[in-house]
Student: 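Here it is, the structure in full.
Side-chain atoms are counted along with the backbone in the values below, which use heavy atoms only and exclude waters and symmetry mates. Residue indices begin at 1 and follow the sequence shown. Quantities reported herein were computed from a predicted structural model and do not represent experimental measurements.
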Amino acid sequence: MTHSTKIVRKLATSGLLALATATSATAKPAPRPNIVVIVLDDVGFSDLGSFGSEIRTPAMDALAQGGLRFNRFDTKAVCSPTRAALLTGRNPQTVRMPDLPAAKLNPADMTRDRGELAPNAQTIAQVLRGSGYETVGLGKWHLAPEQEDGTPGRNGSWPLQRGFDSFYGFFLGWTDQYHPKLIEGNRRIPAPETPGYHFSVDITDRAIAALPAPEGEWPAKPKFIYLAYGAGHSPIQVPREWIDSYAGVYEKGWDAMREDRLARQKALGIVPANTLLPPRNPGDRAWADLTPTEKTVFARFMATYAGFITHTDAQIARLVAHLKQTGQFDNTLIVLMSDNGAASEAGQKGNFERLYAPNRLTPEQMLARLDELGTDKTQAEYQRPWAMLGSTPFRRYKVWPQLGGVRTPLIVSWPKAIKDKGAILKGYVDVVDLAPTFADIAGTRFPRSVGGVAELPVAGVSIKPMLGNAVARGRPVQYFELRGNRAITSGKWRAVAVHKQMTDFATDAWQLFDTAADFSESTDLAGKYPAKVEELKRLWWREARKYSNPPLAEAPEAFRLRERFDDSPERQPLPQHLRPADPNQDPTKTEAGE
């Protein structure tokens with residue numbers, strides 16, 4: 001090789017290296033995904049088609065078929081604590097939202113029961129906005145003390161102050177779907193008067209508008225959309241054609257339909273083939289014991305709920321279609337969940353005219369007005385045993401510590417990143433894990449301090465690695481507490497204690513379940529493994545002291561009296577001073593509820 005040839009090769013190599021270096025320096029990072037979080041309300045574990053339901057949910061099922069389903073996803077059993085954990089990545093006790101928000105703050109109360117999100121606990125909206133995302137909130141909020149009205153100095157817990165660039169929805173626990181009590185930004189606005197208006201359609205339209213087609217390349221400012229539907233929380237309201245589509249379905253009754261759902265769950269692989277169906281919950285009536293009139297009326301209640309869910313699914317279908325038409329679907333992370341188990345507040349008769357008040361109508365009187373179900377003439381909620389159906393195959397329902405209260409569907413779609421499409425992930429995930437996951441996927445993290453003030457530690461751990469590993473085990477330990485009821489999960493073991501109010505917590509009886517062998521918590525093993533019970537009790541106290549101040553206490557009166565947690569068929573009526581505002585009596589108030 002001549003000297004000149006060596007020089008030419010050296011120059012060529014140097015040029016290639018320089019070109020490679022320049023190319024590397026100018027290479028653009030992979031575009032960050034849009035993140036769309038869809039929160040359903042009071043939708044039980046088995047209420048979606050892809051989780052075993054007869055309710056038609058083709059859009060949600062398609063997300064599951066093209067993405068992932070999680071069958072061991074736990075919430076906090078009631079709306080506000082779950083939403084606090086979802087948005088902050090911390091246990092609700094840590095951020096002082098262990099139950100519903102305070103009606104009126106006690107300025108001296110800095111315990112877990114304050115009922116106001118801690119200021120040093122950034123939400124995922126704040127984290128993502130700081131990382132360059134546009135943050136849009138739509139739907140239910142229910143994370144602010146009721147005394148806040150949106151004015152300066154009285155809006156610290158409103159969405160715009162907690163990281164959202166914009167917010168449109170309702171403030172507290174529920175609202176009329178046809179005449180919603182709305183807030184936009186930091187102000188209350190009149191209810192829409194558009195003929196044929198429905199809140200689910202409205203917020204879906206706004207979600208679509210917030211995701212316009214990218215002009216050219218993927219936008220540098222991706223979107224975080226928090227889409228919190230009112231469905232399926234009562235009042236169950238939906239146009240009649242959606243209800244009529246379920247005519248003749250629910251006359252079979254809740255007992256037989258629990259068996260049907262379990263069979264479908266086994267066929268789908270959502271539950272193990274050896275899963276047992278626990279007996280009907282104490283206090284809940286057998287379908288066979290109902291009168292013919294009761295069967296007709298109660299079946300129509302459930303048809304209304306089913307129509308409500310299918311109508312919501314149709315809105316999600318519109319959103320997904322828009323993402324596909326605009327080329328955004330493949331790089332949009334969609335996470336769909338429910339905030340707690342199926343709702344049990346309405347007792348054996350259900351609510352017809354208004355919520356959170358005794359139903360004084362006879363079955364015959366409800367039958368005469370049956371066509372009013374689903375309209376704005378009623379504020380209806382189905383009978384408690386339908387919640388037992390919604391929580392198949394578990395015991396109990398919303399606000400209870402059993403899995404029927406805490407376990408809900410979780411679907412994750414992200415076509416660009418998920419390879420094992422349609423897989424059912426059996427690793428354990430808690431709602432606290434979702435916000436850290438969103439931050440991780442967005443290439444950021446929750447800060448340890450803000451403005452020189454230490455942030456409360458994040459309890460959740462990103463599940464991003466699980467999206468590519470269908471056999472990942474997930475979270476090893478998670479504690480639970482709501483209104484004095486407790487649970488602790490450690491690996492395959494789960495221990496549960498239902499507290500008799502205003503008694504010594506030391507006398508609470510604990511149950512023990514091996515959830516690897518007994519997915520539905522059908523068989524109590526506490527008597528067989530007392531040492532394991534004691535070990536888990538100690539673990540519960542360790543976790544509670546880490547995340548809650550105080551670790552354990554009786555619930556405040558306003559929440560303690562809502563549910564007795566005994567075997568009675570009905571809730572005890574709330575004292576007048578604790579009842580949520582009646583929207584029919586005072587149109588200036590919004591509704592608290594659960």
Side-chain angles (χ1 to χ4, degrees), residues 33-70 73 83 86 136-140 168-170 177 180 197-213 223-233 236-239 241-243 245-246 304-339 342 390 408-416 418 421-422 434 438:
N34 294 320
I35 300 173
V36 177
V37 180
I38 300 174
V39 183
L40 305 176
D41 202 337
D42 289 0
V43 172
F45 180 79
S46 72
D47 274 341
L48 307 182
S50 53
F51 281 76
S53 184
E54 72 292 331
I55 299 174
R56 295 183 293 277
T57 54
M60 291 184 258
D61 298 346
L63 291 175
Q65 290 160 11
L68 302 170
R69 279 168 287 174
F70 292 74
F73 169 67
R83 292 160 200 266
L86 168 64
V136 178
L138 296 161
K140 176 174 174 175
Y168 176 92
F170 59 97
Q177 297 292 299
Y197 174 90
H198 194 282
F199 181 70
S200 297
V201 177
D202 185 4
I203 60 172
T204 305
D205 288 344
R206 291 169 184 270
I208 290 170
L211 291 159
K223 306 294 180 68
F224 172 65
I225 309 292
Y226 178 65
L227 182 57
Y229 286 100
H233 195 295
I236 46 176
Q237 293 174 318
V238 69
E241 61 267 25
W242 299 90
I243 306 171
S245 71
Y246 286 95
T304 304
Y305 172 80
F308 196 15
I309 299 303
T310 299
H311 177 265
T312 306
D313 184 81
Q315 310 318 310
I316 294 170
R318 292 197 298 120
L319 175 60
V320 170
H322 168 77
L323 290 170
K324 290 180 176 179
Q325 290 163 6
T326 55
Q328 299 179 80
F329 181 68
D330 285 353
N331 198 30
T332 296
L333 171 71
I334 300 177
V335 174
L336 185 149
M337 57 169 282
S338 175
D339 62 350
T408 71
L410 175 63
I411 296 171
V412 177
S413 168
W414 188 13
K416 183 177 180 179
I418 293 174
K421 302 185 189 307
L434 296 185
F438 306 150

Student: Could you label the plane-to-plane angle of the Phe224 and Phe438 rings as parallel, tilted or perpendicular, counting under 30° as parallel and over 60° as perpendicular?
Tutor: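 Phe224 and Phe438: tilted rings.
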Student: Counting distance only, does the side-chain N/O of Asp61 pair as donor-acceptor with the main-chain N or O of Leu48 below 3.5 Å?
Tutor: no
Student: With sequence neighbours excluded, give me every ring pair (Phe, Tyr, Trp, His ring centres under 6.0 Å) pair touching residues 317-339.
Tutor: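 Sorted pair list comes back empty.
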Student: Using modelled atom types only, decide if a donor and an acceptor are shared between the side chain of Arg69 and the backbone of Pro409 within a distance under 3.5 Å.
Tutor: no
Student: State, yes or no, whether a side-chain contact exists between Ile411 and Leu68 at a heavy-atom distance under 4.5 Å.
Tutor: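 The answer is no; the side chains never approach within 4.5 Å.
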Student: Are any non-hydrogen side-chain atoms of Thr332 and Pro33 less than 4.5 angstrom apart?
Tutor: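 A side-chain contact under 4.5 Å is absent here.
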Student: Can you check whether His311's main-chain N or O pairs, donor with acceptor, with Gln315's side chain at less than 3.5 Å?
Tutor: yes
Student: Under a 3.5 Å cutoff, is there a donor and acceptor pairing between the side chains of Asp41 and Tyr229?
Tutor: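 Absent: no donor and acceptor within the cut-off.
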Student: Are any non-hydrogen side-chain atoms of Tyr226 and Leu86 less than 4.5 angstrom apart?
Tutor: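 Tyr226 reaches Leu86 side chain to side chain.
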Student: List the steps and the verdict of side-chain hydrogen bond (donor to acceptor under 3.5 Å, both in side chains) for Thr310 and Tyr246.
Tutor: CA-CA 10 Å; Thr310 299; Tyr246 286 95; 2.6 Å; yes
Student: Looking only at the side chains, is there a donor atom on one of Thr57 and Asp313 sitting less than 3.5 Å from an acceptor on the other?
Tutor: no
Student: Would you confirm whether Asn34, through its side chain, and Lys223, through its main-chain N or O, come within 3.5 Å as a donor-acceptor pair?
Tutor: yes
Student: Please confirm whether the backbone N or O of Gln177 pairs with a side-chain atom of Gln237, one donor and one acceptor, at under 3.5 Å?
Tutor: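 Looks like yes, one N/O pair under 3.5 Å.
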